Protein chains: 2
Amino acid sequence: MGRKTSFDHDVVILQMSQVFARFGYAGTALDDIVAATGVLRGSLYRVFGSKQGMFIACLSAGLANQSQSELTWRLILVALLELSQTSLAVQTLIRGWYNEQDATTVLTQLGQQILNQSGILKGEIPDGKHS
Amino acid sequence: MGRKTSFDHDVVILQMSQVFARFGYAGTALDDIVAATGVLRGSLYRVFGSKQGMFIACLSAGLANQSQSELTWRLILVALLELSQTSLAVQTLIRGWYNEQDATTVLTQLGQQILNQSGILKGEIPDGKHS
DNA sequence: GTTTTTGTTGACTGATTAGTCAACAAAACT
DNA sequence: AGTTTTGTTGACTAATCAGTCAACAAAAAC
C-alpha cells in the first residue's frame, strides 16, 4: 500500500476552474495552474493526464451540480467557444448537459454571462495579463 | 516613390477574420494567418504592427458595417471572451459598438451565436486542429 | 537604363509552451 | 526499523510562439 495524494482534489478543481474561467483554455498556461494550486506539474499530470483532462475535470464538476454558479457558466463559455468544435470529449459532455436544460434559459444566460464578464458594462479597466 | 503593397487589404482582412473566428485569438498562431492569407509574417507586421493589431483591424472592419455578419458575431464573441478584459483598445472598440446597439438584441444574438458555432446543436464531429 | 524608395522574404531570436521522467521521499505495510 | 508502494519534485525536452531584421527586389521616379 502506498502513499495517498497529498492535495485536496475538490480544492484543486476549484482553483483550476478559477484559472480557466479567468484566462480561457488556450490563454491558460500550466504554470498558471501550478501557481494557483501549489501542486507541481508532475502531480497534476499524474492525476489529470493532460491539460485538457484538467479542464474536463473542472467542467464535469461544475455541470454535476443541479444549478450552475457564475464560475461554471464561465467554464461553459470557454468550452463552447474554444473546445467544443475540436474536442469530442468536451462536445459530448456539454451537449449532454445542454440537452437537459431549457434552451431559452441557457441562451439568455450565455448572453448575460458573456456581457457580465467582458467588462464592457461598467467602467472597468483591463487588468493586464495579456495587455 | 516606392512600391505599393502587393496584397488586397480587404481580402486579407476577410481571410484573417475567418482564422480568428475559427480558432479564437490565443488559439490562432501567426503561421495560421500566413497560411490562410499567403502574406508572409514580415509584411503582416509591417501593416498591422502586432498580432493584436491584426485582430483589431478585423474587428473594426466588421463593426463598421450597419449590421453584423455571422463572421463578425464570432469576432465579437472572441473579443468579449478573450480580449476585452485585458486589452484597453479592444474594450474601447467593443464598448463603443455595444453602446450603439439594442442591449436585449445583442444579448440574445451572443447566446445564439455561441451555441450555433459550438457544434453542439447538431451531430457535428469535431474537426480537430486542437483535438 | 539608372537611381531611389519602399515592400517582401523567411531565417532567426528569445521566450513560452505542454508534457516527461529519474531521483527522491512520504506513506503504508510487515 | 526495514521494505515496499506510490506520490512529488522540478529540471528537462522538443515544439511552438510572437516579433525582428538584413538582404533582396519590385515599383516608381528621373
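Below, chains carry the letters A, B, ... as their sequence lines are ordered, and counting in each starts from 1. Since the model is a prediction, treat every value here as computed from it, not as a measurement.
Following rounding to the nearest Å, B/K51 (NZ) and D/dT16 (C1') show an atom-to-atom distance of 11 Å. The interatomic distance linking B/Q52 (CD) with D/dA18 (C1') rounds to 12 Å, in whole Å. Between the OH atom of B/Y45 and the P atom of D/dA22 there is a distance of 18 Å, given to the nearest Å. Atom CG of A/L30 and atom C1' of D/dT16 are 15 Å apart (whole Å). If you measure from atom CG of B/L40 to atom P of D/dA25, you get 15 Å, rounded to the nearest angstrom.
Qualifying side chain to side chain donor-acceptor pair (under 3.5 Å) partners for A/R41, counting only residues two or more places apart in sequence or in other chains: A/D31.
For the 3.5 Å distance criterion, the side chains of B/S118 and A/Q85 fail to qualify, holding no donor opposite an acceptor.
Shown for residues 55-62 of chain B: no residue has heavy atoms falling under 4.0 angstrom of DNA chain D.
Side-chain contact between B/I94 and B/Y98 is absent, with no heavy-atom pair separated by less than 4.5 Å. The shortest distance between side-chain heavy atoms of A/F20 and A/V78 does not fall below 4.5 Å.
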Hey, can you pull the donor-acceptor pairs under 3.5 Å for the side chains in residues 60-73 of chain A, sequence neighbours left out?
| residue | atom | partner | partner atom | Å |
| --- | --- | --- | --- | --- |
| A/S60 | OG | A/I56 | O | 2.8 |
| A/Q68 | OE1 | A/W97 | NE1 | 3.3 |
| A/Q68 | NE2 | A/G62 | O | 3.2 |
| A/Q68 | NE2 | A/N65 | O | 3.1 |
| A/S69 | OG | A/L71 | N | 3.4 |
| A/S69 | OG | A/T72 | N | 3.2 |
| A/S69 | OG | A/T72 | OG1 | 3.3 |
| A/E70 | OE2 | A/Q113 | NE2 | 3.2 |

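Judged by the 6.0 Å distance and 45° axis criteria, B/K51 is positioned over the aromatic ring of B/Y25.
Note on A/T5: only backbone sugar-phosphate atoms sit closer than 4.0 angstrom, heavy atoms only; bases stay farther off. Counting any heavy atom pair closer than 4.0 Å across all strands shown, B/F48 reaches no nucleic acid atom. A/S43 comes within contact range of at least one nucleobase, with a heavy-atom separation under 4.0 Å.
Residue order along DNA chain D, read from the 5' end via each residue's closest nucleotide, puts A/V39 first among A/V39 and B/Y25. The residue among A/R41 and A/L44 whose nearest nucleotide of DNA chain D lies closer to the 5′ end is A/L44.
Taking side-chain N and O atoms only, B/S6 has no distance below 4.0 Å to OP1 or OP2 of D/dA27.
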